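To start, the structure under review is shown below, and the notes come after it.
We're numbering straight along the sequence, starting at 1. No experiment lies behind these values; they were computed from the predicted model shown.
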Amino acid sequence: MKPISIVLSLLLLWLLTWPVSPSLAADGIYEPLGFAPRARTKSDYAIRITQGGTILTPSIFLSAVDNNYPRLDAADSRRRVASARRMEVQGVFDPMIRTLDGYAWMQNTSKFDTLKRVIYNQPSIEVPTRSGISLLGTYRFNPRTSQSPYIETGFIGEFGGGFAVPLLRGFIVNERETNEKLAKIGEPVATQNFSLNRLDILLRASIAYWNWVGAQRKMQVARRLVQLSEFLVSAADKRSSAGDLPRIQVTEAEEDFQRRTADRIATELEFKKATYELAVFLFDSNGRPAPFLDEMNVPQLWPTPQEFTAAEIDASVRKAVDRRPELKRIALERQQAKLQLKLARNDLLPQADALATYGYDGGISGVGNVFRTQVTFSSPLYLRNARGRIKASQFNIDALNAEEISERQRLVAEVMSAAATLNMSHQKYLAVTKQVEKSEAVYMGEKKRFTFGDSTVFLVTQRERQLFDAKIKLIDAQVEYLQASARMQALTCTY
């Protein structure tokens with residue numbers, strides 16, 4: 001029964017010394033292994049839209065990017081590397097089995113010039129714990145082997161168990177336990193890095209989307225002005241044929257028509273470029289590029305610029321400070337630095353380890369209960385390794401504190417800048433809207449005067465240019481507003 005009691009005692013000691021990892025899921029530090037890909041619903045709806053000529057709305061486009069963009073998959077894979085790293089680090093707590101078995105002919109120390117046959121079998125198991133204590137289970141079977149360094153046992157062998165305890169350095173706070181905590185914190189750090197990549201990609205996709213929509217609007221304006229110029233050429237030619245207008249003004253109208261045609265071609269080229277830039281972000285659920293979009297996919301309605309109130313600015317500042325991955329990552333990295341500082345301070349202590357084993361030597365020639373203890377002590381004289389790591393950890397914490405202050409101020413400034421852009425774009429939109437209305441009225445009046453012979457081609461083309469410039473300014477104001485709104489969404493993490 002004695003070997004059984006030894007095993008039960010070791011099992012009880014193992015349970016008492018095996019600490020349960022603290023559950024800190026509330027603040028996102030210790031969380032389950034994240035080998036699973038990011039939670040998402042893949043859909044090829046956006047791809048069917050591009051093939052069917054249906055409207056591609058901003059929400060559908062961003063959903064397709066969020067679900068299918070390969071660079072987000074790559075960033076997610078890098079995030080999952082942190083979970084694999086955590087498993088790798090936890091491998092130091094795996095039970096270790098060792099064995100020493102052999103047979104030898106060797107010098108008999110009791111009787112020189114005589115060979116002695118030696119049989120030795122010494123399997124053992126070591127179970128390390130996070131507290132630094134290692135549990136030991138041993139068995140020795142060395143019958144008739146009282147030959148150094150092999151101690152003779154009975155014919156059943158010696159069953160035993162024990163533990164190794166770090167008395168000073170390495171107790172509770174030790175390298176293995178600290179590395180595991182660092183790896184656990186490394187998972188949410190990787191998650192914040194992934195979130196930062198995701199926000200950056202969605203922001204760039206949003207900017208490309210509104211550039212695409214704006215380019216299509218400008219192309220429509222340019223086409224409309226070509227039609228107006230074509231009408232002016234026809235009207236001028238009729239009046240010239242009737243002898244009511246000099247031929248030079250017909251030539252002037254034709255020159256203006258060619259200029260408008262060149263403007264139309266330039267806007268069509270810009271739309272093509274914007275389409276190709278947008279295609280960079282569109283993939284199906286299998287990672288294949290989606291078909292190129294067409295102007296039929298462009299929405300005809302887009303949000304009207306609105307004023308961004310002071311209350312919304314304050315709320316956005318709070319959201320940015322509370323949600324942005326940069327500040328969360330700095331907080332987590334500071335916790336890692338504090339763990340490293342704690343370990344370095346523990347390493348200032350001397351290395352003093354105690355070992356105790358208890359066993360039973362049974363069978364013929366067995367002696368029954370056996371017990372061994374030993375203590376080892378070592379310590380470097382100057383402790384420069386530990387002191388250097390303490391300094392490095394303290395400097396790292398100071399750097400992270402300073403970086404947090406700077407990053408917080410940068411986020412506040414960027415939110416204020418985005419809010420100012422929103423409000424300035426809104427005011428510009430209102431002003432340019434009135435300008436377009438006035439330019440439209442002036443152009444229609446000048447066109448009517450020309451029809452009645454009370455104006456010239458030069459004045460009509462001038463009014464056309466003013467109308468064209470006003471409409472382009474209006475489109476630019478709307479695109480500027482919508483892109484600033486996308487930046488605000490990224491800053492407040494509302495994608």
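Put simply, CZ on Arg465 and CG on Leu225 are 11.0 Å apart, with the number rounded to the nearest 0.5 Å. The structure places CD of Gln306 at 5.5 Å from OH of Tyr481, a figure rounded to the nearest 0.5 Å. Here CD of Glu270 is found 7.5 Å from NZ of Lys218. Values are rounded to the nearest 0.5 Å. Distance check, rounded to the nearest 0.5 Å: CG of Leu62 to CD1 of Ile201 gives 12.0 Å. Distance check: Asn174 CG to Glu180 CD gives 10.0 Å after rounding to the nearest 0.5 Å. Separating the CZ atom in Arg78 from the CZ atom in Phe194 is a distance of 10.5 Å, to the nearest 0.5 Å.
Between Glu407 and Arg324, the closest side-chain pair of non-hydrogen atoms is not below 4.5 Å. Residues Ser206 and Gln489 are not in side-chain contact: their nearest non-hydrogen atoms beyond the backbone lie 4.5 Å or more apart. Between Val213 and Val479, the closest side-chain pair of non-hydrogen atoms is not below 4.5 Å. Under the 4.5 Å side-chain criterion, counting only non-hydrogen atoms from C-beta, Leu349 is not in contact with Phe171. Using a 4.5 Å heavy-atom cutoff, the side chains of Gln335 and Lys338 are not in contact. You'll find the side chain of Arg408 reaches within 4.5 Å of the side chain of Val321, heavy atoms only.
Across Val127, Leu135, Leu136, Leu355, a single residue satisfies side-chain contact (heavy atoms from CB on, under 4.5 Å) together with Phe163, and that is Leu135.
For Arg71, the CZ atom sits in a loose shell: 12 or fewer heavy atoms of surrounding residues, nucleotides or ligands are nearer than 6.0 Å. Other residues, nucleotides and ligands place more than 12 heavy atoms under 6.0 Å from the CZ atom of Phe377. Taking a 6.0 Å sphere around CD of Gln394, one finds it holds more than 12 heavy atoms contributed by other residues, nucleotides or ligands.
Remark: the Asn401 side chain and the Arg334 side chain contain an N/O donor-acceptor pair separated by less than 3.5 Å. Under the 3.5 Å distance criterion, with hydrogens and angles disregarded, no donor-acceptor pair is assigned to the side chains of Ser439 and Gln466. A donor and an acceptor atom, one from each side chain of Arg223 and Gln220, are nowhere located under 3.5 Å apart.
With respect to the salt-bridge test (charged N to carboxylate O, under 4.0 angstrom), the residues Lys273 and Glu277 do not qualify.
Among residues two or more places apart in sequence or in another chain, the side-chain contact (heavy atoms from CB on, under 4.5 Å) test is passed with Leu482 by Trp210, Trp302, Pro303.
When every heavy atom of Ile55 is checked against every heavy atom of Met296, the shortest pair comes out as CD1-O, 3.5 Å. Closest of all the heavy-atom pairs between Pro299 and Tyr209 is CG-OH, 3.3 Å.
Judged by distance alone, with hydrogens and angles left aside, the side-chain atoms of Arg372 form no donor-acceptor pair with the main-chain N or O of Thr357 at under 3.5 Å. No donor-acceptor pair closer than 3.5 Å links the side chain of Ser63 to the backbone N or O of Ser59. Under a 3.5 Å cut-off, the side chain of Asn197 and the backbone N or O of Leu72 do not form any donor-acceptor pair. Counting only distance, with no hydrogens or angles, the side chain of Asp284 and the backbone of Asn286 share a donor-acceptor pair below 3.5 Å. Glu158 places no side-chain N or O within donor-acceptor distance of the main-chain N or O of Arg140, the cut-off being under 3.5 Å.
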I'd like to know whether Lys473 forms a salt bridge (charged side-chain N to carboxylate O under 4.0 Å, His left out) with Asp476, so could you lay out the CA-CA distance, the side-chain angles of the two residues, the decisive distance to 0.1 Å, and finally the verdict. CA-CA 5 Å; Lys473 285 182 180 178; Asp476 288 337; over 6 Å; no

Please assess Arg204 against Asp200 for the test salt bridge (charged side-chain N to carboxylate O under 4.0 Å, His left out), listing each intermediate value before the final yes or no. CA-CA 6 Å; Arg204 290 191 287 112; Asp200 179 65; 3.3 Å; yes

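Aromatic rings of Phe281 and Tyr69 (six-membered ring for Trp) have centroids within the 6.0 Å cut-off, being under it.
The list of side-chain hydrogen bond (donor to acceptor under 3.5 Å, both in side chains) pairs with a residue in residues 344-356, not counting sequence neighbours, reads Asp347-Arg389, Gln351-Asp353.
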For residues 413-421, which side-chain N or O atoms pair as donor and acceptor with protein atoms under 3.5 Å away, sequence neighbours left out?
{"from": "Glu414", "atom 1": "OE1", "to": "Arg410", "atom 2": "NH1", "distance (Å)": "3.4"}
{"from": "Glu414", "atom 1": "OE2", "to": "Arg410", "atom 2": "NH1", "distance (Å)": "2.6"}
{"from": "Thr421", "atom 1": "OG1", "to": "Ser417", "atom 2": "O", "distance (Å)": "2.9"}

